J.: 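One structure is given below, represented as structure tokens, and several questions about it will come after.
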There are 2 protein chains.
Amino acid sequence: MSDLPVRQGSLREHNLGLVLRQVANAPRPPSRADIAAATSLTRATVSALVDDLITGRLLAEVDPAPRAGAGRPAAGLVLAANGPAGLGLEINIDYLAACVVDLAGAVRHHRVRHADQRPRRPAEVLGELSELAATARADAEREGVEVAGAAVAVPGLVSAGGLVRLAPNLGWRGVDVPDGLGLDGLAVTVDNEANLAALGELHASQQTPASFLYVSGEIGIGAGIVLNGALYRGARGWSGELGHVAVRPDGPACRCGARGCLEQYAGQEAILHAAGTVDTEDLIRRAEDGDPATRAALTSAGTALGVAVAGVVNVLDVDTVVLGGVYAPLSRWLCPAVEAEVERRVLTAAWSPVAVRRSMLGADAASVGAAGAVVREIRDHPARWLTRALPLTP
Amino acid sequence: MSDLPVRQGSLREHNLGLVLRQVANAPRPPSRADIAAATSLTRATVSALVDDLITGRLLAEVDPAPRAGAGRPAAGLVLAANGPAGLGLEINIDYLAACVVDLAGAVRHHRVRHADQRPRRPAEVLGELSELAATARADAEREGVEVAGAAVAVPGLVSAGGLVRLAPNLGWRGVDVPDGLGLDGLAVTVDNEANLAALGELHASQQTPASFLYVSGEIGIGAGIVLNGALYRGARGWSGELGHVAVRPDGPACRCGARGCLEQYAGQEAILHAAGTVDTEDLIRRAEDGDPATRAALTSAGTALGVAVAGVVNVLDVDTVVLGGVYAPLSRWLCPAVEAEVERRVLTAAWSPVAVRRSMLGADAASVGAAGAVVREIRDHPARWLTRALPLTP
DNA sequence: GGCAAATAATTCAACCGTTGAACAAATCGT
DNA sequence: ACGATTTGTTCAACGGTTGAATTATTTGCC
């Protein structure tokens, strides 16, 4: 119920987006006539809209596909591969990442630099990330795509304007990320890592459902909530703090000050401790080898996770739960325990099953999701891109 | 991101709604010029839109308010009191209710019939409710308002088409409510009691926040989730099952089959049992008299409720929790305990407080909310009402 | 009392985006 | 080679908004 007036121009804006999404979601390059049929706009209107999109470098024509039957061959339309692209950046506990995704969703550049970020000062971290970003941008521009904006994934709570209010496991408090990056002339947005990973998951595949819960297991446990195809960020942008949902109200003390938080049962450190190791690679190896203590630790973590997830599903009624972050490689052993609790505790599970599955993108979900969020913005609002302030060509 | 094409007519539809909402939300009757200034539409356009709305009996002109300064006096615009109205019906464990709310939000008719519905067959209950509805409708029509549709609040899970899939405390399973009511020629929607009560609360006051959690304490515990000014119903319409969120994973068995559900700690029956009485009126009296066992029972229930609510707030990031149903008259004793747990367990509570308060509408929230939902639909989509199939006047 | 200033509402030609029909372009089947 | 068929474009018409001009109605001031 947007309370903005609608003028003639808004019509155009909406329909440009409609056509663009139609091309994006089609299984194969559609013709102008296909789009007209699918949208119930007239061929004349679609032609006019497509012209605008082609001159704006958002769409491109491809050779007509060989067709059966008579008639003039149709020119196929695809999202432009040399149009605008999104730059996705990720700051995590033990790595930095940068990637570029073009309008069609293809990953054109991707680079990860592993290193523990906890001992470093925020300015150092942002400086190195800025270098990664510059490399990515130069690389992309060499391929002929223009980076239209950047999104940064951070494992913490983010306020409007890109201020990281609190990133507990990184030890950050009140860090201005766009300022520290200093990417001149590029629009930079900052968001929670789980939120962007959830968006990545949403766009990774056509069959991802419109509403789901993405659970990101790292040192902390975050969740990205997608409802009806849109990310839900909460009243103040701080939704998804699944790690601090109570599993046992009088359980062990959590560093947040409360007791019995999920993080104490299913956080990365709790699992490693229970399994008697300090390294995730090692944990996976032991689980594969069938080590009983490791298996027991994972079942126990899965059960706790299942209790918390079941609570969320009871309240939100989503039919899919996606396990990401470190949970993704561990999902083989976690899923059964999570599913059992969900089955038992979700009121509607009896006649309407809830699917629990691993992330399709794995560890790259957040950075790819961040880049995808940038191009998705253009895809959903092409008029803003087409009418942007163009850099003066001297 | 609606994927519908936008034609010229959609323009009109949107702007009709815009003007109507502008009138609805104004503190005093605005003039056409006021609306033009507020919406940035031109006065010419607003005049044309207002004409349509007046001839369609959705708006009315009132005498010009005395103005300071020179100039032609402005004709004030108000929502028509003799236009369409909504019929709200409620089926609850121990009463039936019917009410009529006009476009301006005024309750024009309200009647409650107390009786335990559990021993009766669904058909009987629906028959009596149908009588209540007919009386309400006749009463409203005598006052000159036309009932445009009905909404029914039910304490249970509702599928599309108005089928009550499960209402555990009523003992209903697979009951077709619109069919059983048989309100000829009237569009009937059916929804969960907590959902409609949440909508009632949302529209009860201008300062209700756009995102909040409405908790309806009855024999079961339901929740209505309002996000960004809209009710969130879940992927399948079964959101808000707060009563079956786990408070202690290995607590007492719940009739849903799981263990330690909130309902076992803070449901009406659990509270009554812990306080040593069987009647809610008596419970309130004892609490007022300061009976220690009663006060302890309420604190204990409030704490359990607080644990569950804190989990939801951590995940959804709403800044307001409204206690309704039987919790409303008990809120004086429940709120402190709920607030304490929320304060302790919500990660962001430290710098951004979460308000816990009682419902403003109390027991009438669901029926008034149901009626309000009907008129709200017209207010948000006036074009659908204006172009409806008119009954032939012979 | 009369007149200028001010504000509200309506009228009307112009403009913008979509529509639908007519038309041109390109291919297939016979 | 020619008609059938489908794609894509052209163009007059239409619906809805715009902005300026016009009319309507009041206050304030001389």
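What you see is a predicted model; the values in this text were computed from it and never measured. We name chains A, B, ... by the order of the sequence lines, and we start the count at 1 in each one.
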J.: Cut-off 3.5 Å, side chains only: do A:Thr45 and A:Arg32 have a donor facing an acceptor?
T.: no

J.: What does A:Arg43 touch in the nucleic acid at a heavy-atom separation under 4.0 angstrom: a base, only the sugar-phosphate, or nothing?
T.: base

J.: If you compare all heavy atoms of B:Val374 against all heavy atoms of B:Gly149, which two are closest, and at what distance to 0.1 Å?
T.: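 In this case the closest contact between B:Val374 and B:Gly149 is CG1-O, 3.6 Å.
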
J.: Rounded to whole angstroms, how far apart are CG on A:Asp52 and C1' on C:dC16?
T.: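 A:Asp52 atom CG is separated from C:dC16 atom C1' by 13 Å.
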
J.: With heavy-atom distances below 4.5 Å as the criterion, would you say the side chains of A:Phe212 and A:Leu202 are in contact?
T.: yes

J.: On a plain distance test, is the side chain of B:Arg72 in donor-acceptor contact with the base of C:dA8 below 3.5 Å?
T.: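 Present.
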
J.: Side-chain N or O of B:Ser31 versus OP1/OP2 of C:dA9: is the shortest distance under 4.0 Å?
T.: yes

J.: Could I get a table of every N or O pair under 3.5 Å where one atom is in the protein and the other is in nucleotides 12-15 of chain D?
T.:
| residue | atom | partner | partner atom | Å |
| --- | --- | --- | --- | --- |
| D:dG15 | N2 | A:Gln8 | NE2 | 3.1 |
| D:dG15 | N2 | B:Gln8 | NE2 | 2.5 |
| D:dG15 | N3 | B:Gln8 | NE2 | 2.5 |

J.: Could you tell me whether the phosphate oxygens of D:dG16, OP1 or OP2, come under 4.0 Å of any side-chain nitrogen or oxygen in B:Thr45?
T.: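 For D:dG16, OP1/OP2 do not have a side-chain N/O of B:Thr45 under 4.0 Å.
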
J.: Does A:Arg32 have a side-chain nitrogen or oxygen under 4.0 Å from the phosphate oxygens OP1 or OP2 of D:dT9?
T.: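 True: A:Arg32 side-chain N/O within range (under 4.0 Å) of D:dT9 OP1/OP2.
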
J.: From the options C:dA8, D:dT17, C:dT19, select the nucleotide whose nearest atom is closest to the side chain of B:Leu49.
T.: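 Among the listed nucleotides, the one closest to the side chain of B:Leu49 is D:dT17.
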
J.: Tell me what A:Ala33 touches on the nucleic acid: a base, only sugar-phosphate, or nothing, going by heavy atoms under 4.0 Å.
T.: sugar-phosphate

J.: Any side-chain heavy atom of B:Val375 within less than 4.5 Å of one from B:Pro84?
T.: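 No; the side chains remain at least 4.5 Å from each other.
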
J.: Can you measure A:Leu16 atom CG to C:dG17 atom P for me and round it to whole angstrom units?
T.: 10 Å

J.: So which nucleotide from D:dG8, C:dA9, D:dT18 ends up closest to the side chain of B:Ser47?
T.: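 Closest of the options to the side chain of B:Ser47: C:dA9.
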
J.: Can you see if the side chain of A:Arg12 gets near the phosphate of C:dT18 - specifically, an N or O under 4.0 Å from OP1 or OP2?
T.: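 Looking at the OP1 and OP2 atoms of C:dT18, one of them is under 4.0 Å from a side-chain N or O of A:Arg12.
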
J.: Ignoring backbone atoms, establish whether B:Asn15 has a side-chain N or O less than 4.0 Å from OP1 or OP2 of D:dG16.
T.: no

J.: Specify the residue among B:Leu11 and A:Asp51 whose closest nucleotide of DNA chain D lies further upstream toward the 5′ end.
T.: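 Residue closer to the 5' terminus by nearest nucleotide: A:Asp51.
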
J.: Side chains of A:Leu89 and A:Cys99: does their closest heavy-atom pair fall under 4.5 Å?
T.: no

